[in-house]
4 protein chains.
Amino acid sequence: MAKNTLPATSEHEEKLERLLAVAAEIFAEKGYHHASIRELSRRAGVSLSGLYYYFSSKEELLFMIQERSLRRVLDGLKHKLKRSDEPAGRLRAMIGNHVGFFAQNMAAMKVLTHEFDSLEGKYKARIRDLRLEYSNLCTELLRELRRSTGSDEVLPLNVATSALFGMMNWIYTGYQPGSSIPVDRLSEHLFRLFTGGFSSSAEPAASLERRVG
Amino acid sequence: MAKNTLPATSEHEEKLERLLAVAAEIFAEKGYHHASIRELSRRAGVSLSGLYYYFSSKEELLFMIQERSLRRVLDGLKHKLKRSDEPAGRLRAMIGNHVGFFAQNMAAMKVLTHEFDSLEGKYKARIRDLRLEYSNLCTELLRELRRSTGSDEVLPLNVATSALFGMMNWIYTGYQPGSSIPVDRLSEHLFRLFTGGFSSSAEPAASLERRVG
Amino acid sequence: MAKNTLPATSEHEEKLERLLAVAAEIFAEKGYHHASIRELSRRAGVSLSGLYYYFSSKEELLFMIQERSLRRVLDGLKHKLKRSDEPAGRLRAMIGNHVGFFAQNMAAMKVLTHEFDSLEGKYKARIRDLRLEYSNLCTELLRELRRSTGSDEVLPLNVATSALFGMMNWIYTGYQPGSSIPVDRLSEHLFRLFTGGFSSSAEPAASLERRVG
Amino acid sequence: MAKNTLPATSEHEEKLERLLAVAAEIFAEKGYHHASIRELSRRAGVSLSGLYYYFSSKEELLFMIQERSLRRVLDGLKHKLKRSDEPAGRLRAMIGNHVGFFAQNMAAMKVLTHEFDSLEGKYKARIRDLRLEYSNLCTELLRELRRSTGSDEVLPLNVATSALFGMMNWIYTGYQPGSSIPVDRLSEHLFRLFTGGFSSSAEPAASLERRVG
DNA sequence: AATGAATGAGGGTTCATTCAT
DNA sequence: CATGAATGAACCCTCATTCAT
């Protein structure tokens with residue numbers, strides 16, 4: 001009976017999405033605090049006050065950008081993990097998912113990695129929870145992998161997780177579009193670099209030192 | 001009497017140093033753009049206008065913090081590199097130097113890693129040069145190491161460098177003082193994690209997959 | 001069927017009346033200028049733009065609240081005055097009417113007493129006229145009373161009128177519902193307090209001083 | 001030794017006082033919420049931001065106006081009460097003090113009587129305390145007076161206090177400068193009007209009714 | 001060497017109101 | 001009748017910086 005059965009993405013949602021994209025670009029370029037709603041208004045072609053129909057504060061804007069990015073990364077990851085049972089493949093999927101998403105949503109991901117502390121109160125708490133969920137999931141993958149390779153490593157898993165995220169998030173620092181390696185290759189490089197050190201345990205490092213000593 | 005014969009470190013320099021330290025803390029806490037000179041004035045116990053005797057703009061303040069940190073890291077590294085000839089030891093020295101410095105100058109190092117894009121014009125150019133020098137030096141260490149282990153890796157060295165810096169810089173994200181591993185152990189963990197993957201080349205990764213497959 | 005034959009109180013009028021009541025509450029709570037049409041929209045469950053079908057501006061809203069209240073007070077008073085011929089009874093009726101109406105329409109009456117100056121132009125003029133009519137009627141009652149008691153008071157009647165309104169309007173300042181005296185008693189108190197001073201002329205005050213001196 | 005021994009009123013304090021006076025005028029004219037800091041800036045000949053050197057928010061401005069007025073009224077009253085021991089004289093002093101202060105500081109006093117609810121939080125609490133102190137002191141004066149005249153009135157003292165403040169505060173509603181009675185006479189009128197009713201208790205009112213009935 | 005006082009530019013946000021649908 | 005979406009004007013406030021002293 002209804003003229004249009006509600007589409008998956010309403011016009012309203014579409015416009016909000018577009019605003020979030022533009023805002024993410026500005027936040028990524030200038031940093032959250034230096035960015036101005038007035039510039040968003042200009043770039044989006046919407047009046048300053050008109051923006052507030054779509055969000056209720058600059059901070060909510062930041063929150064929405066971070067939340068949607070994180071959710072999409074997490075959902076993508078969970079979906080991919082269903083396809084693989086063996087630990088190395090699962091870690092490879094995780095890295096591929098993260099790096100791939102980063103490459104395709106550079107602005108939003110930069111905001112996600114750089115502007116967590118710009119949030120406050122409830123917003124911050126909710127993003128912290130999501131981040132924790134993501135990071136715990138990742139730590140779990142590492143635990144599986146370690147168990148499967150039988151290495152009795154002393155490297156604390158949280159340090160490993162941190163290092164892995166550091167590698168993945170830093171790689172696009174100072175990135176110039178077009179000047180770089182295809183995402184697939186990059187992911188594979190990072191995967192090997194990390195698992196090489198992570199799975200080889202203390203011994204290979206020792207052997208390395210012997211070899212080079 | 002000798003008030004005016006310039007001592008090795010003049011009173012003026014000492015006070016500037018103190019201001020830089022306080023400023024670094026504020027910048028680290030709130031981010032450069034959100035931080036306010038007023039707060040520096042408050043925390044340092046100096047009048048707002050009095051501050052401008054020691055620096056000429058907020059941006060110069062940011063520049064000085066970054067420049068001094070980078071120089072000290074670089075100088076420390078160069079000094080330590082003199083003591084060792086073998087590639088693995090030299091890389092270990094580099095990681096130890098960076099992580100150690102980070103742990104001891106958390107605020108300044110956070111500013112260094114987070115606020116490069118907040119600089120502009122000449123300031124930005126000069127910090128870029130120093131960063132490049134540091135990063136090139138690091139890439140050189142990796143090249144030495146690869147040559148010495150004989151691995152004909154396809155992993156591009158700039159990717160490796162990026163990944164290494166990512167690991168080192170990320171490790172103190174969300175750091176809570178007192179709740180963590182001693183710096184020496186942390187450095188060693190990172191060293192092994194990185195070199196394990198970096199030096200084992202494609203083969204170990206392949207063997208890993210065989211093992212887990 | 002009779003949807004379009006205008007009833008004594010049309011649906012339209014009923015809804016307007018409800019809106020005026022809600023608006024009066026908001027204006028009383030926050031003051032006219034601080035109150036927002038958005039809040040009226042929220043509390044009344046009508047869309048922001050939907051409101052403008054019932055009134056054409058925020059100021060008209062304020063005007064309507066004041067006008068209707070004043071008219072009802074005035075009409076009530078005139079009606080009651082028909083029942084009594086003796087001056088004291090007529091003044092008592094006036095006070096009872098005012099205080100009673102205040103107690104039953106606290107919000108609207110607060111708006112009436114507090115927000116006259118928030119009106120402008122024609123709206124203000126029309127309310128001023130009504131206020132004047134009310135106040136003149138009241139002054140007339142005082143004149144009757146004075147004549148009947150034969151007191152040759154020097155107290156100017158407009159001062160007396162002002163004082164009387166002050167007493168009546170102030171009494172509900174900081175009023176907490178339920179914590180107070182019944183309206184009838186309150187009216188009687190005010191009536192006696194006022195007439196006691198008003199009718200006793202200069203002499204009793206002198207005697208008072210003698211007594212306490 | 002000091003160049004100038006600090007004067008009772010520093011230049012800074014003088015300027016603040018001037019700003020408060022101008023602000024009080026604007027608040028009195030347009031109401032707190034409708035008044036704009038921009039207009040204060042214009043009328044005071046100080047830049048918008050320059051104002052914030054003297055107060056930290058619009059609400060603090062309102063608070064300072066109310067607090068200083070109240071304190072001056074209270075201090076003036078306490079001082080005058082020292083001179084008189086007999087209850088009627090003390091009440092007369094109270095009314096004279098209040099009305100006199102109102103006449104000389106019309107703007108500030110209008111703000112004090114109209115904009116209490118525009119305050120919030122701590123500011124509101126502190127003004128409420130002062131108001132309470134004033135109102136309690138006034139109630140005490142009434143209690144003394146009643147005791148001394150031996151009248152066993154049933155009129156509750158808080159109603160009497162309310163009525164008295166209502167009379168005093170309302171008298172300048174719609175006041176036009178120059179068009180009015182001298183303050184002294186006005187005070188005396190109000191004093192007699194109030195005490196006449198307050199002290200004559202139920203009997204005179206009864207006699208009045210008999211007379212007029 | 002240091003400061004109190006002042007400023008222009010710009011920030012985020014709210015508001016009453018309108019208009020196509 | 002009623003609404004979702006949009007707007008221009010105005011709001012309070014903060015900031016880095018300056019300058020006379």
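Side chains included, hydrogens not; waters and symmetry mates left out as well; all remaining heavy atoms used. Numbers restart at 1 for each chain; the letters A, B, ... are given by sequence-line order, proteins then strands.
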Quick test of your reading: applying ring-ring contact (aromatic ring centres under 6.0 Å, His included), list the pairs with at least one residue in residues 12-40 of chain A, sequence neighbours left out, ordered by first then second residue.
His12(A)-Tyr53(A), His12(A)-Tyr54(A), Phe27(A)-Tyr32(A), His33(A)-His34(B), His34(A)-His33(B)
Is there a side-chain polar atom (N or O) of Tyr54(A) under 4.0 Å from OP1 or OP2 of dA6(F)?
yes
Does dA6(E) have its OP1 or OP2 closer than 4.0 Å to a side-chain nitrogen or oxygen of Tyr53(D)?
no
What pairs meet the salt bridge (Lys or Arg N to Asp or Glu O under 4.0 Å) rule with one or both residues in residues 27-36 of chain B, with sequence neighbours excluded?
Glu29(B)-Arg43(B), Lys30(B)-Glu39(B)
Using whole Å, report how far CG of Leu51(A) lies from C1' of dA6(F).
10 Å
Contacts of Tyr52(B) meeting ring-ring contact (aromatic ring centres under 6.0 Å, His included) (sequence neighbours excluded), chain-then-number -> Phe55(B)
Just by distance, do the side chain of Ser41(A) and the backbone of Ile37(A) share a donor-acceptor pair under 3.5 Å?
no
Residue pair Gly45(A)/Ser47(C) against DNA chain F: nearer the 5' end by closest nucleotide is Ser47(C)
Just how far, in rounded Å, is P of dG10(E) from CG of Leu40(A)?
18 Å
NA contact type, His12(A), heavy-atom cut-off 4.0 Å: base, sugar-phosphate, or nothing?
sugar-phosphate
Both atom distances under 3.5 Å, Watson-Crick or G-U wobble: I'd like the secondary structure of DNA chain F as a dot-bracket string, with | for pairs made across strands.
.||||||||||||||||||||
Rounded to whole Å, how long is the line connecting atom CD of Glu13(D) with atom P of dG4(E)?
17 Å
Which residue pairs pass the salt bridge (Lys or Arg N to Asp or Glu O under 4.0 Å) test with at least one member in residues 56-67 of chain B, sequence neighbours excluded?
Glu67(B)-Arg71(B), Glu67(B)-Arg126(B)
Can you measure Glu39(A) atom CD to dG10(E) atom P for me and round it to whole angstrom units?
13 Å
For atom CZ of Arg42(B), decide whether the heavy atoms of other residues, nucleotides or ligands shown that lie under 6.0 angstrom number more than 12.
yes
Counting N and O atoms only, with roles assigned by atom type, does the side chain of Gln66(D) sit under 3.5 Å from a partner on the main chain of Ala108(D), one being a donor and the other an acceptor?
no
Lys15(C) side chain N/O closer than 4.0 Å to the phosphate oxygens (OP1, OP2) of dC1(F)?
no
Looking at Phe116(A), is Arg131(A) sitting on its ring face, NZ or CZ under 6.0 Å from the six-membered ring centre and within 45 degrees of the normal?
yes
Can you give one letter per nucleotide of nucleotides 12-18 of chain F, going 5' to 3': B for a protein heavy atom under 4.0 Å from the base, S for sugar-phosphate only, - for none?
BBBBBBB
Take the protein atom CD1 of Ile26(A) and the nucleotide atom C1' of dG12(E), then report the distance between them rounded to whole Å.
14 Å
Hey, does the side chain of Arg18(C) reach the backbone of Ala44(C) with a donor-acceptor pair shorter than 3.5 angstrom?
yes
Please check the phosphate of dC15(E) (OP1 and OP2 only) for any side-chain N or O of Lys30(C) closer than 4.0 Å.
no
d(CG, Leu16(D); P, dA6(E)) in whole Å:
12 Å
